[in-house]
Amino acid sequence: MKIGVFVCHCGSNIEGTVDTKTVAEASLDFPEVTFATDTMYACSEPGQDGIIEAIEEHKLDGVVVASCTPRMHEPTFRKTLERAGLNPYMFEMANIREHVSWIGKDREANTNKAADLVRIAVEKLRRNQPLTPKEFDINRRVLVIGGGVAGIQAALDCAEAGLEVVMVERESTIGGKMAKLDKTFPTVDCSSCILGPRMVEIAQHPNITLYAYSEVESVSGYVGNFEVQVKKKATYVDWAKCTGCGECVEKCPSRKAPDPFNELLAPGRAINIPFPQAIPKKAYIQAEHCIKLTKDKCGNCAKVCPSDAINFEAKDEIITEEVGGIIAATGYDLFDWTVYEEYGGGRYPDVVTSLQYERMLSASGPTGGHVKRPSDGKEPKKVVFIQCVGSRDKSVGRPYCSGFCCMYTAKQAILTKDHIPDSESYVFYMDIRAPGKLYDEFTRRAMEEYGAQYIRGRVGMVYPDGEGQLVVRGADTLMGTQVEVKADLVVLAVGAEAAKNSPQLAEKLRISYDAYGFFMEGHPKLKPVETNTAGVYLAGACQGAKDIPASVGQGSAAAAKVIGLFSKEKLKSDPQTALVDIKRCIGCGKCAETCPFGAINMTEFRGQPKAEVLETVCQGCGLCAATCPQGAVQLKHFTDNQILAEVEALCRF
Amino acid sequence: MPVLEGRELRIIGFLCNWCSYGGADTAGVARFDQPTDLRIIRVPCSGRIDPLFVAKAFMNGADGVLVSGCHPRDCHYAEGNFYARRRLEVFKNFISVLGIEPERFEYTWVSASEGQRWQEVVTKFTNQVHTLGPLAPVPEISLDRLAATETAQP
């Protein structure tokens, strides 16, 4: 074998702290290395051409590139090899940037370590075999998890492109957080007026199947061929018959049930239709609050229902859907602000969250769009907004900025003035973050045109003054003074956190999530909607807090990725799969038991049980290889011999 | 090229591709300074690691071995790190039988977003191995004795 080694300068990124020339020279001493050179930018066009020329000139049949992480450029260089007529898998990378040049400035130690990393890459490459991917069919259907604005956008874009879409929504209606909003910044256009028609399109689109009040139970399979179990939670209403007339809601005597759509601002009924524009506009029963289901009394809804849709016997149902791609668009939830004892921690009725205030402002909300204090129903004349509640606060474990709270607070201050012209608004803020198009202008409008008084500083305490008002005491860091404002209503700009059960969903999808539960994108800049799991994409706030335009943008981006994936005739599997040496296999079946993907079948060969790997199903984890007591299963390109050769290369001195 | 005499020790890391290798990349991108001793071998999943790889590394003269994978429940392959955890825990209990200080071997979980944590893990582990110093070679006397018994045999 003739191996060529290319040591990349990466401008000064590597060359700055690694002597690449020395590394290249040292590489010539490694076994089977016949050519070694340093190169300015290996990944650039001239860099790649240089590799191709060297392959042809020196008749190389294997290449090591020492540069950045293989997680970044391995696919790039594999294509380079292919262009030079080599098998793309006769390639290895030594990561001398992220793992060497960027983590220390000791040039001698770095150069030495870089050469060591090239050595193990060479030792591994010497034992590589040419591999050919297998082709397999794609199921051109896509699953969208979450029916908020990001999921709606993704689903409609896919459906418009001719794909069959399955949408799963946890609540009984799609629309997500945006449906709860009264108006949107910075245009102050009505949220349900712009979202409503999109929701209707979802319901009416012939390519979209909607499962509302449902959750993803399990996901198996792989890109192109996922099998998804969807749990349709019992609604106790036959949605095929329900017309959404609302008669049952009127007659329901259980009037202390929670109303999650209205953010628990007012009690709801046990049987409920979240809001007039709900899609699907169907009733559902909250079993634990239903008198019939808990005490076997009442049954009013069944009596009044004109279409005989009520079914108290209903059970959860599991539906299996087969799809080729998945878009997760599960959005966010509000931080549990009650940990802030100083703001009342949920004890004072007139301290509300931003989303509760949004429901107060909305004409479809429990107050019919009239701002009324929860305690006495009076119109508040002085409203205090407190920003960064659960954002940029390490003490509650939320050091990140939720990004959109500054903007919606400005919007709510404007709307307060619109609703109650003689009202005054005060906003306690840390910094104003308004970086979007027309955003800064908007916050200025709130201050200058609508007279919202912005006070830069944190609030230390909120307490009732005993006369029906709340005293908000805080600092004004610009004036260097203490401030006290008497408020009729306090609105907390609560930050976003990952939606409930995000980690659990991530585990089902086999994607990563960060310390806060937000899903991890494939690359922070270049793969914002991809994940590290092929065929699974992200859209909207499930990846990190973001506002409506960004969520919609990601919805479309994720759809474009799925459409791109499905535009291929067939998909190619990663050929770095497990392989059974039938002569060594004793047919114990341990590998088949361990495989998380069911990629190993037990078959018979001349009357003996033997393991067999289904190449397109195998994901290449190598669990079987570590399990096999005989060493009969080997993971291609990560064989025992290869890993041990790497170990030996590092330890021989 | 050997490790730098007197400054570095031979420390081998087995890292899963999806979490810890990514975490080490994240640490690099963020320029988190780390000791230079560690050499990383990339494997697809911590479940791919046969504890014998670690044993082999020590037999070949490694002074320390660090294994890192995805946090339990966050495995790219659903359950690989559960297998890894079980195997490595057994191995860690067994390692002193080989005459190797258990502190020379650690396994840990670092996700792709935890660059800072990776820096902490590497620094702490490297210091730990440096406290122990180089792995003591098999004493010559016992080799002599072994040779003696071998020649004594007919």
Side-chain angles (χ1 to χ4, degrees), chain A residues 26 29 68-72 95 97-106 108-113 115-117 119-120 124 503-504 506-508 510-515 520 524 532-533 576 594 596-597 619-623 625-627 631 635 638 640 643-644 646-648 650-653, chain B residues 1-4 7-8 10 12 14 17-19 21-22 24-45 47-54 56-62 70-71 73-80 83-84 87 111-114 119 122:
Chain A
D29 290 340
C68 49
T69 170
R71 283 162 56 93
M72 175 97 191
N95 184 350
R97 194 178 72 177
E98 282 84 346
H99 292 186
V100 181
S101 74
W102 275 353
I103 59 167
K105 296 201 167 53
D106 183 337
E108 189 195 359
N110 280 355
T111 306
N112 186 52
K113 180 176 176 183
D116 242 9
L117 295 186
R119 176 195 284 277
I120 62 172
K124 182 160 184 249
Q504 283 77 1
E507 284 151 24
K508 286 172 193 165
R510 285 181 275 115
I511 59 177
S512 307
Y513 51 95
D514 66 15
M520 289 277 290
N532 279 328
T533 299
Q576 298 178 94
T594 333
F597 307 99
Q619 302 293 297
C621 64
L623 273 186
T627 303
L635 180 63
F638 291 97
D640 287 349
I643 295 171
L644 290 173
E646 290 178 78
V647 169
E648 202 173 311
L650 288 174
C651 292
R652 63 176 11 145
F653 300 99
Chain B
M1 239 177 239
V3 293
L4 296 174
R7 284 168 58 192
E8 284 182 340
R10 293 172 191 87
I12 298 183
F14 292 98
N17 177 52
W18 303 101
C19 294
Y21 198 91
D25 285 350
T26 308
V29 172
R31 314 295 200 277
F32 289 138
D33 268 1
Q34 295 156 46
T36 50
D37 309 46
L38 179 78
R39 311 286 193 256
I40 293 170
I41 294 177
R42 181 167 74 128
V43 289
C45 176
R48 169 69 191 95
I49 297 163
D50 190 328
L52 288 176
F53 297 161
V54 184
K56 189 85 177 166
F58 283 121
M59 283 164 67
N60 283 3
C70 307
H71 287 280
R73 303 197 317 165
D74 188 17
C75 177
H76 184 75
Y77 301 106
E79 51 201 35
Y83 285 97
R87 287 171 187 151
S111 82
S113 61
E114 294 174 325
Q119 178 195 33
V122 174

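Labels below follow one simple rule: chain letters A, B, ... track the order of the sequence lines, proteins then strands, and each chain is numbered from 1.
Chosen from B/Thr36, B/Asp50, B/Val122, the residue pairing most often with chain A at heavy-atom distances under 4.5 Å is B/Thr36. Note on B/His71, B/Glu79, B/His76: by heavy-atom pairs under 4.5 Å with chain A, the leading option is B/His76. Most heavy-atom pairs under 4.5 Å with chain A, from the set B/Tyr21, B/Phe14, B/Phe32: that is B/Tyr21. Chain A forms more heavy-atom pairs under 4.5 Å with one residue of B/Ala84, B/Ala78, B/Ser111, B/Cys70 than with any other, namely B/Ala78. Listed options B/Ala112, B/Cys19, B/Ala30, B/Gly22 were ranked by heavy-atom pairs under 4.5 angstrom with chain A; first place goes to B/Gly22. Ranked by heavy-atom pairs shorter than 4.5 Å toward chain B, the options A/Ser512, A/Gly104, A/Cys68 are led by A/Ser512. Ranked by heavy-atom pairs under 4.5 Å with chain A, the first of B/Met59, B/Arg87, B/Glu114 is B/Arg87.
For A/Asp640, the parts lying under 4.5 angstrom from a heavy atom of chain B are both the backbone and the side chain. For a residue to count as touching a neighbouring chain, one of its non-hydrogen atoms must lie under 4.5 Å from one of that chain's; by this rule A/Ala506 does not touch chain B. Proximity to chain B involves both the backbone and the side chain of A/Tyr513, based on heavy atoms less than 4.5 angstrom apart. Heavy atoms closer than 4.5 Å to chain B are found in the side chain of A/Leu117, but not in its backbone. Looking at A/Asp106, the atoms closer than 4.5 Å to chain B (heavy atoms on both sides) all sit in the side chain, from C-beta outward. Both the backbone and the side chain of A/Thr594 come within less than 4.5 Å of a heavy atom of chain B. Interface remark: B/Arg42 contributes backbone and side-chain atoms alike to the contact with chain A (heavy atom separation under 4.5 Å).
Put simply, the side chain of A/Asn112 does not reach to within 4.5 Å of the side chain of B/Arg7, judged on heavy atoms. Residues A/Glu108 and B/Leu4 meet the side-chain proximity criterion, which asks for heavy atoms closer than 4.5 Å.
Atom NZ of B/Lys56 has 12 or fewer heavy atoms from other residues, nucleotides or ligands within 6.0 Å.
Between A/Asn95 and B/Asp25, the side chains place a donor N or O and an acceptor N or O closer than 3.5 Å (distance only, hydrogens not considered).
Of all non-hydrogen atoms in A/Ile120 and B/Ile40, the two that sit nearest each other are CD1-O, 3.6 Å.
A salt bridge does not link A/Glu646 to A/Lys124: none of the charged nitrogens lies less than 4.0 Å from a carboxylate oxygen.
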